[in-house]
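Protein chains get the first letters and strands the later ones, always in sequence-line order, with residue 1 at the start of each.
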Amino acid sequence: MPVLTRTLTVETRGHDDMINLTDQVGQVVASGDIKEGIVTVFVPGSTASITTIEYEPGLQQDLPRALERLAPSDASYEHDLKWGDGNGMSHVRAATMGPDIVVPFKEKSLLLGTWQQIVIVDFDVRPRRREVIVQVLGF
Amino acid sequence: MPVLTRTLTVETRGHDDMINLTDQVGQVVASGDIKEGIVTVFVPGSTASITTIEYEPGLQQDLPRALERLAPSDASYEHDLKWGDGNGMSHVRAATMGPDIVVPFKEKSLLLGTWQQIVIVDFDVRPRRREVIVQVLGF
Amino acid sequence: MPVLTRTLTVETRGHDDMINLTDQVGQVVASGDIKEGIVTVFVPGSTASITTIEYEPGLQQDLPRALERLAPSDASYEHDLKWGDGNGMSHVRAATMGPDIVVPFKEKSLLLGTWQQIVIVDFDVRPRRREVIVQVLGF
């Protein structure tokens, strides 16, 4: 069966919390019969993103600081004026970075760089329980 | 046949116009024989992007305002000095956000969040007729 | 064999150097037996990105100028304070733009726009030899 779809459950603290998913994604890839192909990592929801980064405490502060320049937390958002949930900036940051990443693998091994990790960044303004889709496609 | 390629045609107003493609993408996925896999949504062209967002009028203003901080409409662009088409900022915004999105599906249903929609954002400075590629791959 | 994985080697100058990969990616797609599907272009490493853009000298200056607003080269980065390699801004830019692009093709031809090119942008602060994964998946 050349497609395999799994769901990870991740507890986040919100507020740009970044969580390393690399080991769990690698385990899904290793668990199936597919030797070569892509794994799609996708977060359902519009206030979180999936990307790759060197997962270390410094960058966990630097990335949010940069996104603060793009979508400041103290700016006024039409989304918040209308819906009152106070997470307009979260939606904007997530739409800019995107909900998906596609990583190729070979011999069931992710073709990542040495310090490159797959992460979810949760931009929402409160703790969230997130489901993350990990789908393996190949042969 | 485990791959299905369709083209949507979309009329946009340019100027960060955002159009919801979710229903049309879902119909392409539902129309074929492929039960589980990915759909790639891709815009040919270098002044528009595909992403996901909660599609509501507030965010349709908030996202452009944030991108205005990244690539201001009143800045000077080398692209415009050279080519005179006045859409340097459109190219920069599109390259940053990217032309593609990959969404997994299962049982012919997109694995999106409840309010998460697939959209095209057209950054060009005039109305455009856009073709959007929707390609389903799986089994 | 419906999956084909190749590695390109690219020499960059770093400092937002942008290199056009379109011809090489097109050649990989044309070289195999797969007629219709996706090509994933992925850079292992956390200080470079893959995107599409009109590849011309003006935009090669405009994109870095915009990213300078997001992640200024003269800002203070926790990553640099901790590791001293001076490329905190490179990591932030790469994580925002992402390491991957997925482009659909049909009849072994990439479905790109006329002036839309696939590029690597190397945000690191020194010349780098980069490997870029090009993986074709389809039927």
Quiz item: Going by atom types only, do C/Thr22 and C/Gln117 share a side-chain donor-acceptor pair under 3.5 Å?
Solution: yes
Quiz prompt | Proximal component of C/Gln61, with respect to chain B [non-hydrogen, under 4.5 Å] | solution = side chain
Quiz item: Hey, are the side chains of C/Ile50 and C/Asp100 touching, using non-hydrogen atoms and a 4.5 Å cut-off?
Solution: no
Practice problem: Under 4.5 Å heavy-atom distance to chain C, tell me which part of B/Ile38 shows up: side chain, backbone, both or neither. | Solution: side chain
Quiz item: Among C/Thr114, C/Val102, C/Thr52, who wins on heavy-atom pairs under 4.5 Å with chain B?
Solution: C/Val102
Exercise. Of all the heavy-atom pairs spanning C/Met97 and C/Ser49, show the shortest one and how long it is.
Key: CB-OG, 3.5 Å
Quiz prompt | Within-4.5 Å side-chain heavy-atom neighbours: C/Val41 and C/Val132 | solution = yes
Practice problem: Check whether B/Ser76 gets within reach of chain C through its side chain, its backbone, both or neither, counting any heavy atom under 4.5 Å. | Solution: backbone
Practice problem: Could you look at B/Thr96 and say if it's the side chain, the backbone, both or neither that has a heavy atom under 4.5 Å from chain C? | Solution: both
Exercise. Name the region of B/Tyr77, side chain, backbone, both or neither, that has any atom closer than 4.5 Å to a heavy atom of chain C.
Key: both
Exercise. Can you tell which part of B/Val43 gets under 4.5 Å to a heavy atom of chain C, answering side chain, backbone, both or neither?
Key: backbone
Quiz item: Using non-hydrogen atoms only, which part of B/Leu70 is less than 4.5 Å away from chain C: side chain, backbone, both, or neither?
Solution: both
Quiz item: When rounded to the nearest 0.5 angstrom, what distance separates OG1 in C/Thr9 from CD in C/Glu131?
Solution: 5.0 Å
Quiz item: So which part of B/Arg93 gets closer than 4.5 Å to some heavy atom of chain C, the side chain, the backbone, both or neither?
Solution: neither
Quiz prompt | Atom group of C/Val103 that falls short of 4.5 Å from chain B, counting heavy atoms | solution = both
Quiz item: What part of C/Phe105 gets closer than 4.5 Å to chain B, counting heavy atoms only: side chain, backbone, both or neither?
Solution: backbone
Quiz item: Taking C/Leu110, C/Leu111, C/Ile53 one by one, which has the highest count of heavy-atom pairs under 4.5 Å against chain B?
Solution: C/Leu111
Self-check item: Nearest-0.5 Å distance, CZ of residue C/Arg65 to CD of residue C/Glu68
Solution: 10.5 Å
